There are 2 protein chains.
Amino acid sequence: MAEATEQADQITEPATESATEQGDSRRAQMLEAAAELIAERGLARTRIADVAARVGISPALVVYYFQTKEALLIAALRESETGFYASAEDLLRARRSLRDRVETLVELTFTEESKGEVQGQWGLWFDLWNEAFRHPEVAADRRALDEQWRGLIARIVRAGIEDGEVPADLDVETFAMTWAALLDGLSVQVALHDPVVTRARAEAIALDFARRELGLA
Amino acid sequence: MAEATEQADQITEPATESATEQGDSRRAQMLEAAAELIAERGLARTRIADVAARVGISPALVVYYFQTKEALLIAALRESETGFYASAEDLLRARRSLRDRVETLVELTFTEESKGEVQGQWGLWFDLWNEAFRHPEVAADRRALDEQWRGLIARIVRAGIEDGEVPADLDVETFAMTWAALLDGLSVQVALHDPVVTRARAEAIALDFARRELGLA
DNA sequence: CAAGGTCCTGACTGGCCGTTCAATCGGCCA
DNA sequence: TGGCCGATTGAACGGCCAGTCAGGACCTTG
């Protein structure tokens, strides 16, 4: 593990330098395939050969792009995670009112899989957490993303305050922290098909909490 | 289910235990070792040989007791999970007031590892969730345990209602569901060493929420 | 064209590890 | 005493799979 330049905050092309257009698209294909496979069968059961097969290339080529299996899987984890937040930002941009935005976030959180897109695949999250628990690099990454998630919540709440929809004395940071945690916790139950904490129930709880805290009758 | 209730026995390493009950104790030894190893390095990186080495036996013996690696690891996951809730019940039995009980639960949830005991090892949870996500047997087990956890919360709240500490019109089920999810979500952040959601912060949030909902000024 | 670069592959290997197996050891009982 | 049985082991087998390697196809560009 050479001490390569690690500071870049943007996760576009950290490890390999595949400068070519074709190279980049290959990379993307593999990352997507890997993410899918992780979501389906779990990181532990995802083989280089599987990824290669799904893309329709030889296993050796996968190694050619990502030197090691671990590098590939971690990159895939990062990528799809990033994608999730990116699409959250996108969705929010289209919503104007606080109510709409809150509902959008809830919906996004509990949607099994957004129309075939890789994002939001529950399986991915469990593996991400698991990996983050040990792999410090992944942990740092995850922390940053989560910070971003809470920041996003805080931002829309502050916008709500400015618009007079939310009382100005609300502790925005604490709300963001709490609500984010609540969403996470509920997600787990829903993902694991808890018979009591169904998706509908979870959404209701999450919405109710937000509305009460934010003073949206 | 259908398992004979393994009564409380070894809490840590049996110092005085020489050769009382070879059969069951061997099983227990292996399960404990397996749980430790899973917590330390993760289920995926736990080998039969590791478990054997920790117990001080040959790998073949591990297979002799648990026919397959998977069976061993899953059993270990179950066992330690069960232990967690069991000790929660124990702790609660000693507390009388609702306040104490709530605080006890919060403390239990966020304690990194209870003085060397296997329970509460964060790593275990991530692997449990991960496994539950695919392995239906584990999923069912986990669901039952979680039901038990929420039931436990509901029980102490109802006791609080009977004692007049909590307003009688509280929706106990919903509170239990919400609070349990909140605790889970916060746990994740704390386990992953989020710089913002520290253990102290998480405990404060969890306590605050419970107190407000339960009307404990 | 030759040179040199990128992309790509099939064939191979080396190690790891779950699992099997034949054999031993030590009680227990008739 | 001898035979049965559970516990235990060392050794070996065999599958699986990440990663290597030597080369080849296909593009540039001088």
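Here the structure is a predicted model, which is why all the values come from computation and not from measurement. Lettering of chains follows the sequences in order, A, B, ..., and the numbering in each one begins at 1.
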Over how many whole Å does the gap from [X] atom [atom1] to [N] atom [atom2] extend?
X	N	atom1	atom2	value
B:Leu61	D:dG6	CG	C1'	11 Å
A:Gln29	C:dC8	CD	P	9 Å
A:Gln67	D:dG19	CD	C1'	11 Å

Can you name the side chain to side chain contact (heavy atoms under 4.5 Å, CB included) partners of [X], sequence neighbours left out?
X	value
B:Glu89	B:Arg93, B:Gln148, B:Leu152, B:Arg155
A:Arg54	A:Ala33, A:Glu36, A:Leu37, A:Glu40
A:Val138	A:Ile74, A:Leu128, A:Glu131, A:Ala132, A:His135

A:Tyr85: partners by ring pair (Phe, Tyr, Trp, His ring centres under 6.0 Å), with sequence neighbours left out: A:Trp149
Taking only residues two or more places apart in sequence, or in another chain, which ones meet B:Phe110 in a ring pair (Phe, Tyr, Trp, His ring centres under 6.0 Å)? none
Presence of B:Arg26 side-chain N/O under 4.0 Å of D:dG6 phosphate oxygens OP1/OP2: no
Check this one for me: any side-chain N or O of B:Tyr64 less than 4.0 Å away from OP1 or OP2 of D:dT8? no
Between the protein and nucleotides 15-18 of chain D, list every N/O to N/O distance that falls short of 3.5 Å.
unit_1, atom_1, unit_2, atom_2, d
D:dC17, OP1, A:Arg47, NE, 2.6
D:dA18, OP1, A:Lys69, NZ, 3.4
D:dA18, OP2, A:Ile48, N, 3.3

Enumerate the residue pairs fulfilling side-chain hydrogen bond (donor to acceptor under 3.5 Å, both in side chains) with a member in residues 185-197 of chain A, sequence neighbours excluded, ordered by first and then second residue. A:Gln189-B:Arg142, A:Gln189-B:Asp146, A:Gln189-B:Asp184, A:Asp194-B:Arg150
What residues in residues 50-60 of chain B put a non-hydrogen atom under 4.0 Å from any atom of DNA chain C? B:Ala60
For A:Glu107, all residues meeting side chain to side chain donor-acceptor pair (under 3.5 Å), sequence neighbours excluded: none
Quickly, which of B:Trp125, B:Phe126, B:Trp122 forms a ring pair (Phe, Tyr, Trp, His ring centres under 6.0 Å) with A:Phe133? Name it, please. B:Phe126
